[in-house]
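Keep in mind the model is a prediction, meaning the values are calculated, not measured.
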Amino acid sequence: MEEENRYYLRDLLILSGVIFLSVLAAELIHFRNSENIDIVDRILIYVYYTVPLVVLFLVISYFYRNRRNLETGRLKSSIRYRLSLSFLFIAMLPSFPVFLLTSNVIGRVFEGFYGLDIALALEAGDHFVRKELDLEKNNLLDKAKLFRNLVQRQNPNPNLLTNRANELDLISNPNYYVGWYENNVPTLENRSLKLTISPEEFTNLGAEENISEKLALNQNLGFYLLKIDSSDPAKFLILGKRVFQGEESKAYSFINTRKNYITADLTKEKLPYEVRLTITLLTVFAFLLSIFFSLVFARKISRPIIDLANATQKVSLGDTDINLPLTEGGEIGALVESFNQMVKDLKSKNEELMHTQRIAAWKEVAQRMAHEIKNPLTPIQLSAERIRRKLNSEVPEEFQEIVTKGSETIVGQVKILEHLVNEFSEFARMPAPRLINQHLEPVVLESAKLFEHTPGIQIELNFAKNLPEIFLDKKLFLGIMNNLFKNAVEAIEKKRQRGDSGFSQGKIRISTVLEKRIMRRSVVLLVEDNGIGISQEYRSKVFEPYYSTKDEHVSGIGLAIVQKTVIDHNGHISVDSSELGGCKFRIEIPVA
């Protein structure tokens with residue numbers, strides 16, 4: 001539980017970081033040059049930036065965790081993470097249409113669907129409006145140039161300006177406006193303009209210095225205005241000509257519509273502000289709520305599966321004292337209950353099997369021991385009977401010779417019996433291993449040093465890099481390695497004695513490798529030689545006690561001890577043929 005909560009806390013911190021980066025990116029990229037953006041627009045843009053980054057984070061995290069699961073051999077939260085991704089995808093899928101419906105993007109889609117291009121239509125209308133204004137603009141600009149020299153004098157004379165306006169027939173003509181302004185207030189004008197004028201709203205004409213323009217328009221009146229600046233910033237002359245006579249309301253409506261359309265943000269919703277705010281907050285809240293419940297449901301569904309998988313791994317290692325708590329109903333509850341029952345049955349069957357095997361093993365041991373003991377007893381009995389027959393012999397020298405040879409035979413055979421009994425005792429009372437987490441390589445090297453100077457034999461070591469530690473009893477595992485080295489040396493010597501053609505030098509190869517499987521990692525140790533090898537029919541018997549393929553009189557208990565020691569390390573040992581020509585022993589020890 002603590003490890004699981006730590007994963008959730010870590011994911012929450014990373015997710016918060018991704019959201020923070022999304023908001024920061026939106027501020028730097030989207031809102032850097034934007035002003036007067038309401039809270040709904042900001043939230044929507046934040047969501048547009050956050051969703052793809054969060055999805056990218058989830059995908060990267062998913063592949064990273066799968067890779068880590070393969071490297072560590074632990075299931076961890078892989079199932080729960082997949083369920084979380086599925087729930088999040090289902091939760092996010094209906095969110096996108098909602099966001100689109102609450103933005104102006106859907107309006108663009110409808111326009112394209114019905115073949116409408118409002119922007120192009122407004123642009124074409126503006127072209128014709130500007131084309132009509134160009135005639136008025138050029139006419140008024142020519143007159144403004146005639147006023148420019150008078151206005152830009154050191155102290156402009158209003159009387160001279162009035163005379164020039166009379167000469168150009170501007171004062172009496174109702175279609176023209178002439179006004180002299182000081183401190184933004186008209187001190188002299190031919191008529192009231194009835195339009196609000198602000199000097200800051202004029203835009204400069206690029207080709208003409210000190211002359212700027214403005215189109216002043218409302219629903220009843222429209223004037224095209226030119227402002228001529230004087231040497232005094234507080235004084236200026238405004239010339240104007242009336243435009244759109246009789247159609248001011250239409251022109252005003254068109255120009256105002258185009259202006260609003262162009263300046264509108266594409267993310268501006270066409271729904272009222274209150275509706276947009278409500279929909280946005282509800283959608284964001286539902287999205288966050290779906291994330292929370294997806295994690296909760298995924299955890300609730302995956303926890304029994306993860307517990308079941310971990311318990312299965314323990315059972316595979318021989319632990320049958322497992323009983324999973326039944327916290328769920330339905331199919332998962334039935335699966336957990338079936339697993340518990342299976343473990344109980346397996347434990348019962350194992351106990352029966354072990355009892356049966358123990359009886360069978362002791363029977364076999366008794367038979368083999370009886371056979372092995374019977375062999376030396378026969379010469380002992382014959383020697384004793386021969387000594388007794390010669391006890392009353394008339395030739396003392398012959399009796400002495402018989403006693404000497406008979407006693408030697410009896411002593412030799414008794415030593416054989418003592419050796420058999422000692423090996424039997426050693427196998428029967430092998431100590432329980434004391435497993436310590438350590439590296440395998442130093443143990444193998446220590447054993448290899450004992451045999452590295454064996455004449456005519458080359459030892460090759462191939463260790464994988466960065467092997468993890470495993471639980472080992474160093475003393476017992478040294479016994480395993482010494483036994484396997486000894487068997488390899490004897491197999492090579494036996495092949496050399498046979499005089500096989502092409503055989504020049506013996507070779508023993510020791511290799512290690514890290515084997516990765518789902519929910520399990522193991523260190524694999526390979527011991528290979530180019531000796532005489534083991535035939536296929538004998539491979540299934542080499543680990544049986546008191547079985548040997550050697551010609552000399554030995555107990556054949558060595559590999560049985562090796563197998564028992566490997567099993568005590570929760571490992572597995574097998575034998576096969578080697579590419580070197582001899583046999584290959586494969587020992588697999590699980591990583592802690």
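Between Leu346 and Val315, some side-chain heavy-atom pair lies under the 4.5 Å cut-off. By the 4.5 Å heavy-atom criterion applied to side chains, Lys516 and Leu514 are counted as neighbours. Here the side chains of Ile532 and Arg498 are in contact, with some heavy-atom distance below 4.5 Å. A 4.5 Å side-chain heavy-atom check between Leu484 and Ile508 finds every atom pair outside the cut-off. Using a 4.5 Å heavy-atom threshold, the side chains of Ile587 and His572 count as separate.
Side-chain N or O atoms of Gln438 include one that pairs as donor or acceptor with a backbone N or O of Leu472 at under 3.5 Å. Between the side chain of Asp473 and the backbone N or O of Arg434 there is at least one donor-acceptor pair closer than 3.5 Å. Remark: the backbone N or O of Pro433 is not paired with any side-chain donor or acceptor of Asp568 at under 3.5 angstrom.
Taking the six-membered ring wherever Trp is involved, the centroid distance between the rings of Phe477 and His569 falls below 6.0 Å.
Nearest approach of Asp529 to Ala491, heavy atoms of both residues: OD1-CB, 4.4 Å. The minimum heavy-atom distance linking Ile492 with Gly506 is given by the pair CG2-CA, 3.6 Å. Between Ser522 and Pro590, the shortest heavy-atom contact is OG-CA, 4.0 Å. Across every non-hydrogen atom of Ile470 and Val591, the tightest pair is CG2-CA, 4.1 Å. Considering every non-hydrogen atom in both Thr512 and Ala464, the closest pair reads OG1-N, 3.0 Å. Taking every heavy atom of both residues into account, Val443 and His439 meet most closely at CG2-O, 4.1 Å.
Qualifying side-chain hydrogen bond (donor to acceptor under 3.5 Å, both in side chains) partners for Lys495, counting only residues two or more places apart in sequence or in other chains: none. Residues forming a ring pair (Phe, Tyr, Trp, His ring centres under 6.0 Å) with Phe451 (at least two apart in sequence, or on another chain): Phe485. Judged as a side-chain hydrogen bond (donor to acceptor under 3.5 Å, both in side chains), and not counting sequence neighbours, the contacts of Glu446 are Lys474. Applying the salt bridge (Lys or Arg N to Asp or Glu O under 4.0 Å) criterion to Lys349, with sequence neighbours excluded, gives no partner residue. Residues that satisfy the side chain to side chain contact (heavy atoms under 4.5 Å, CB included) test with Gln458, not counting sequence neighbours, are Gln505. Not counting sequence neighbours, the partners of Asn340 by the side chain to side chain contact (heavy atoms under 4.5 Å, CB included) test are Asn323, Leu324, Val336. By the ring pair (Phe, Tyr, Trp, His ring centres under 6.0 Å) test, Phe585 is found to be paired with no residue, residues two or more places apart in sequence or in another chain being considered. With sequence neighbours left out, the side-chain hydrogen bond (donor to acceptor under 3.5 Å, both in side chains) criterion links Ser511 to no other residue. Taking the salt bridge (Lys or Arg N to Asp or Glu O under 4.0 Å) definition, one finds that Lys347 meets it with Asp321, sequence neighbours left out. For the salt bridge (Lys or Arg N to Asp or Glu O under 4.0 Å) test, no residue two or more places apart in sequence or in another chain qualifies with Glu441. Residues satisfying the side-chain hydrogen bond (donor to acceptor under 3.5 Å, both in side chains) test with Ser447, not counting sequence neighbours, are Asn482. Residues meeting the salt bridge (Lys or Arg N to Asp or Glu O under 4.0 Å) test with Glu493, sequence neighbours left out: Arg496.
From Lys494, atom NZ reaches atom CG of Asn487 across 11.5 Å, with rounding to the nearest 0.5 Å. Expressed to the nearest 0.5 Å, how far CG of Asn530 lies from CD of Glu579 amounts to 11.5 Å. Between the CD1 atom in Ile561 and the CG atom in Asn483 there is a gap of 7.5 Å [rounded to 0.5 Å]. The structure places CG of Leu308 at 10.0 Å from CD1 of Ile322, a figure rounded to the nearest 0.5 Å. Atoms CG and CD1, from Leu478 and Ile480 in turn, are 9.5 Å apart once rounded to the nearest 0.5 Å. Taken from CZ in Arg586 to OG in Ser574, the straight-line distance is 6.0 Å, to the nearest 0.5 Å.
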| message | Applying side-chain contact (heavy atoms from CB on, under 4.5 Å) to Ile510 and Leu525, what does each step give before you reach the verdict? | response | CA-CA 7 Å; Ile510 308 296; Leu525 173 67; 3.7 Å; yes

| Would Val575 and Lys584 satisfy side-chain contact (heavy atoms from CB on, under 4.5 Å), going step by step from the backbone distance to the final call? | CA-CA 6 Å; Val575 64; Lys584 174 174 67 176; over 6 Å; no

| field | Working for side-chain contact (heavy atoms from CB on, under 4.5 Å), residues Phe471 and Asn570 | value | CA-CA 9 Å; Phe471 283 107; Asn570 298 319; over 6 Å; no

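Salt bridge absent: Glu515 and Arg521 never bring a charged side-chain N and a carboxylate O closer than 4.0 Å.
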